[in-house]
Amino acid sequence: MGWLSVMWSHLKEKGVVLPKITAEEISKKVEPVLREMERVGVMIDASILEGLEDKLETRISKLETKVHRLAGREFNINSPLQLAEVLFRDLRLPSTDLKRTKTGVSTAAGELLKLKSRHPIIEPILEYRELAKLVSTYLKPLPRMVDADSRIHTTYGQETSTGRITSANPNLQNIPIKGEYGPEIRRAFVAAPGCKLVAGDYSQIELRIVACLAQDKTMMAAFAGGEDIHAQTASEIFNVPLNRVTSDQRRVAKTVNFGVLYGMSAYGLAQALGISREQAADYIKRYFEIHEGIKKYCHDVIAKVAKDKYTETLFGFRRSFENFNRYNHNLVEAEERMAINAPVQGTAAEILKLAMVELIKKLKEVPHPNPLPADRARESARLILTVHDEIVVEVPARSAEEMARLVKETMESVVKLCVPLKAEVGIGRNWAETK
DNA sequence: ACAATGGTCC
DNA sequence: ACTCGGACCATTGTA
């Protein structure tokens, strides 16, 4: 099989240069890196989390009272069953347009949002849910998990269908970042005294990968020219000059680009954008007219899976699709979407793993015969986190700038695709500051 | 102990 | 009728 898998072997004539290594070997090499990251852990300022918890508990308590008052009785807001009972039986809110679950009407946030203008109880319920989630999943558990050095230690895994890395006990890959309190929570992830955090994250790595795998000329040109890819897409599907793209058009285009990675259906896009299926189908039609490479890629992947029952990443990681040909139309389409996504997500994971392997080598090597302070610092720089397209390193404060350049350079050069890879780096006293 | 529901991240 | 890719985890409620 060799280092460049059969499916993608034509890409080496298109400027793709990869290290001569298989997916299996990448997994094996990253394994000790992951074990080291687990051992080192990440420092937590528990007082920040506890302070925030107190603040949110107070607010939650008030929201609870308010919801109960508006409902006319006390009930468990955390129970979707009881909540549905209150909303649709007691308060007689219309459930016609809402999704159903096996047990009844869905009370998911997206569904409740549709009722926002119908009753004042919806808003406090949504806020209650948001805050209760943060407290129960992050603010309460994390401080209890710190060791004597105030550090928490996750467990990384590689047993996923696409080749991505997982994090569990605790999961450090779903720490909030959005919303009012996301950055607040990330402020609790700190560098040890005298250190800084350096975070590098790949910019649109999956879109760059699909542009390359699909040899999509339009998208390759956009990335080569350093364009704002979402604005570029907007310009194409709305047929307006790049400098005339509105923020709303860009938002739509961003969702379309996102949809490409997931094998978008008109239904899925319509739901994501809150538009009609017809309108969504029109966007997709426009998109595929311009992006013939992407269209062909989707077709080729589906044809391959129908024939071989598996997909393959750039480094040859296979995901098997044994249930591909079934009579259930929805099931088949779901499998098709997974098949389109698997090589992209999987290749991104491989590139990140390779970057981590390279980075840890460079952090440990002693580059100069006459040791300068920054070089000794290099030995004490340590990988501490990885979140799918991001790597976080804890480094001595005085070498932060040098380490930031090293992280960026390593991430960008670990493979050569037919489009440039771009990594953005940030330095901070805590995780929030690195953005 | 387990399924269902909902929610956080990339 | 159609419910976009990949994970982990808290809570409720039943077995």
Side-chain angles (χ1 to χ4, degrees), chain A residues 75-84 98-112 125-126 128-142 154-179 181-182 185-186 201-207 209-210 255-273 276-277 280-281 284 298 301 311 319 328-349 352 385-391 431:
Chain A
F75 69 101
N76 188 346
I77 308 171
N78 292 317
S79 165
L81 212 62
Q82 293 182 37
L83 182 57
L98 274 57
K99 279 200 287 194
R100 301 294 152 130
T101 66
K102 287 178 185 175
T103 48
V105 184
S106 167
T107 65
E111 301 307 302
L112 294 189
I125 287 171
L126 291 173
Y128 173 96
R129 275 245 186 94
E130 182 190 349
L131 304 191
K133 173 77 177 179
L134 297 179
V135 168
S136 70
T137 308
Y138 308 102
L139 300 179
K140 264 190 186 304
L142 289 178
T154 185
T155 302
Y156 289 110
Q158 297 197 74
E159 303 78 18
T160 56
S161 51
T162 57
R164 265 192 177 182
I165 291 167
T166 60
S167 161
N169 300 305
N171 181 358
L172 297 184
Q173 294 182 325
N174 70 346
I175 301 300
I177 187 168
K178 297 171 196 162
Y181 302 106
I185 292 174
R186 290 198 173 205
D201 73 292
Y202 280 115
S203 165
Q204 287 135 2
I205 188 170
E206 292 195 354
L207 278 178
I209 288 166
V210 79
T255 307
V256 172
N257 279 329
F258 201 53
V260 168
L261 302 172
Y262 303 150
M264 74 182 150
S265 67
Y267 185 88
L269 186 64
Q271 183 170 292
L273 285 171
S276 72
R277 206 196 68 255
I284 293 173
C298 295
V301 169
T311 58
R319 175 170 177 184
N328 185 330
H329 195 255
N330 299 331
L331 230 61
V332 170
E333 292 197 333
E335 294 264 299
E336 287 179 357
R337 288 192 293 272
M338 293 181 226
I340 288 165
N341 178 260
V344 181
Q345 190 180 119
T347 300
L352 187 97
L385 280 176
T386 174
V387 193
H388 307 308
D389 64 359
E390 177 178 13
I391 301 172
W431 201 5

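The chains referred to below are lettered A, B, ... by the order of the sequence lines, with proteins before strands, and numbering in each begins at 1. Remember, it's a predicted structure, so these values are computed and weren't measured experimentally.
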Phosphate oxygens OP1/OP2 of B/dG7: is one of them under 4.0 Å from a side-chain N or O of A/Arg129?
-> yes
Between the CG atom in A/Leu172 and the OH atom in A/Tyr138, the distance rounded to the nearest 0.5 Å is 10.5 Å
Can you find a side chain N or O atom of A/Asn330 that sits less than 4.0 Å from OP1 or OP2 on C/dT3?
-> yes
Sidechain N-carboxylate O distance under 4.0 Å for A/Arg319, A/Glu335 = no
CE-CD1 distance between A/Met264 and A/Ile340, expressed to the nearest 0.5 angstrom = 9.5 Å
First locate atom CG of A/Leu83, then atom CG of A/Leu112, and finally report the distance between them rounded to the nearest 0.5 Å.
-> 6.0 Å
Protein-nucleotide distance (A/Leu126, atom CG; B/dT5, atom C1'), rounded to Å | 15 Å
Pairs under 3.5 Å (N/O, protein and nucleotides 12-15 of chain C):
from	atom 1	to	atom 2	distance (Å)
C/dT12	OP1	A/Asn76	ND2	2.9
C/dT12	O3'	A/Ser79	OG	3.1
C/dG13	OP1	A/Ser79	OG	2.5
C/dG13	OP1	A/Gln82	NE2	3.0

Counting side-chain heavy atoms from CB outward, which of C/dG5, C/dC4, B/dT8 is closest to A/Thr255?
-> C/dC4
NA contact type, A/Arg319, heavy-atom cut-off 4.0 Å: base, sugar-phosphate, or nothing?
-> sugar-phosphate
Atom-pair distance (CG on A/Asn341; P on B/dC10), nearest Å = 16 Å
How far, in whole Å, is C/dC2 from B/dG7 if one measures between their C1' atoms?
-> 24 Å
Counting side-chain heavy atoms from CB outward, which of C/dC9, B/dC10, C/dC2 is closest to A/Arg164?
-> B/dC10
Give the rounded distance in Å between these two atoms: CG of A/Asp389 and P of C/dA7.
-> 16 Å
Can you tell me, in whole Å, how much space there is between the P of B/dA3 and that of C/dC4?
-> 22 Å
Would you indicate what A/Lys178 reaches in the nucleic acid, counting non-hydrogen atoms under 4.0 angstrom: base, sugar-phosphate, or nothing?
-> sugar-phosphate
Separation between CD of A/Gln345 and NE2 of A/His388, rounded to the nearest 0.5 Å = 8.0 Å
Separation of A/Glu333 atom CD from C/dG5 atom P, in whole Å?
-> 12 Å
Could you identify which residues of residues 101-111 of chain A place a heavy atom less than 4.0 Å from some atom of DNA chain B, listed by residue number, or say none?
-> A/Thr101, A/Lys102, A/Thr103, A/Ser106, A/Thr107, A/Ala108, A/Ala109
Closest listed nucleotide, where the reference is the side chain of A/Ile177 and the choices are C/dA7, B/dC9, C/dC4 | B/dC9
Considering just the side-chain nitrogens and oxygens of A/Thr162, establish if one lies under 4.0 Å of OP1 or OP2 belonging to C/dA7.
-> no
Closest heavy-atom contact between A/Ala280 and A/Ala270?
-> CB-N, 3.7 Å
Going through the distances and angles, do A/Gln173 and A/Ile165 end up as a side chain to side chain contact (heavy atoms under 4.5 Å, CB included)?
-> CA-CA 9 Å; A/Gln173 294 182 325; A/Ile165 291 167; 4.1 Å; yes
Would you confirm whether A/Arg186, through its side chain, and A/Ile175, through its main-chain N or O, come within 3.5 Å as a donor-acceptor pair?
-> yes
Tell me which of A/Asn171 and A/Lys99 sits closer to the 5' end of DNA chain C, going by the nucleotide each one is nearest to.
-> A/Lys99
What is the distance from atom OG1 of A/Thr386 to atom CD1 of A/Ile391, rounded to the nearest 0.5 Å?
-> 6.0 Å
For A/Lys99, does its backbone N or O pair with a side-chain atom of A/Glu111 as donor and acceptor, under 3.5 Å?
-> yes
Between P of B/dG7 and CD1 of A/Ile185, the distance in whole Å | 16 Å
Could you check how far CD1 of A/Ile391 sits from P of B/dC10, rounded to whole Å?
-> 15 Å
What is the nucleic acid contact for A/Leu261, judged by heavy atoms within less than 4.0 Å: base, sugar-phosphate only, or nothing?
-> nothing
For the residue pair A/Thr154 and A/Ser167, confirm or rule out a side-chain donor-acceptor distance under 3.5 Å.
-> yes
Hey, is the side chain of A/Arg337 poking within less than 4.0 Å of OP1 or OP2 on C/dT3, counting only N and O atoms?
-> yes
From CD1 of A/Ile175 across to P of B/dC10 the rounded distance in Å is 10 Å
Return the nearest nucleotide to the side chain of A/Met338; candidates are C/dG6, B/dT8, C/dT3.
-> C/dG6
Using a heavy-atom distance cut-off of less than 4.0 Å, which residues of residues 131-142 of chain A contact DNA chain C?
-> A/Ser136, A/Thr137
Gap between atoms CD and C1', on A/Glu335 and C/dC4 respectively (whole Å) = 14 Å
N/O donor-acceptor pair under 3.5 Å between A/Gln82 side chain and A/Asn76 backbone = yes
Flag, side chain of A/Thr101 to backbone of A/Val105, donor-acceptor distance under 3.5 Å = no
Just call it for A/Asn169: base, sugar-phosphate, or nothing, with non-hydrogen atoms closer than 4.0 Å on any strand.
-> sugar-phosphate
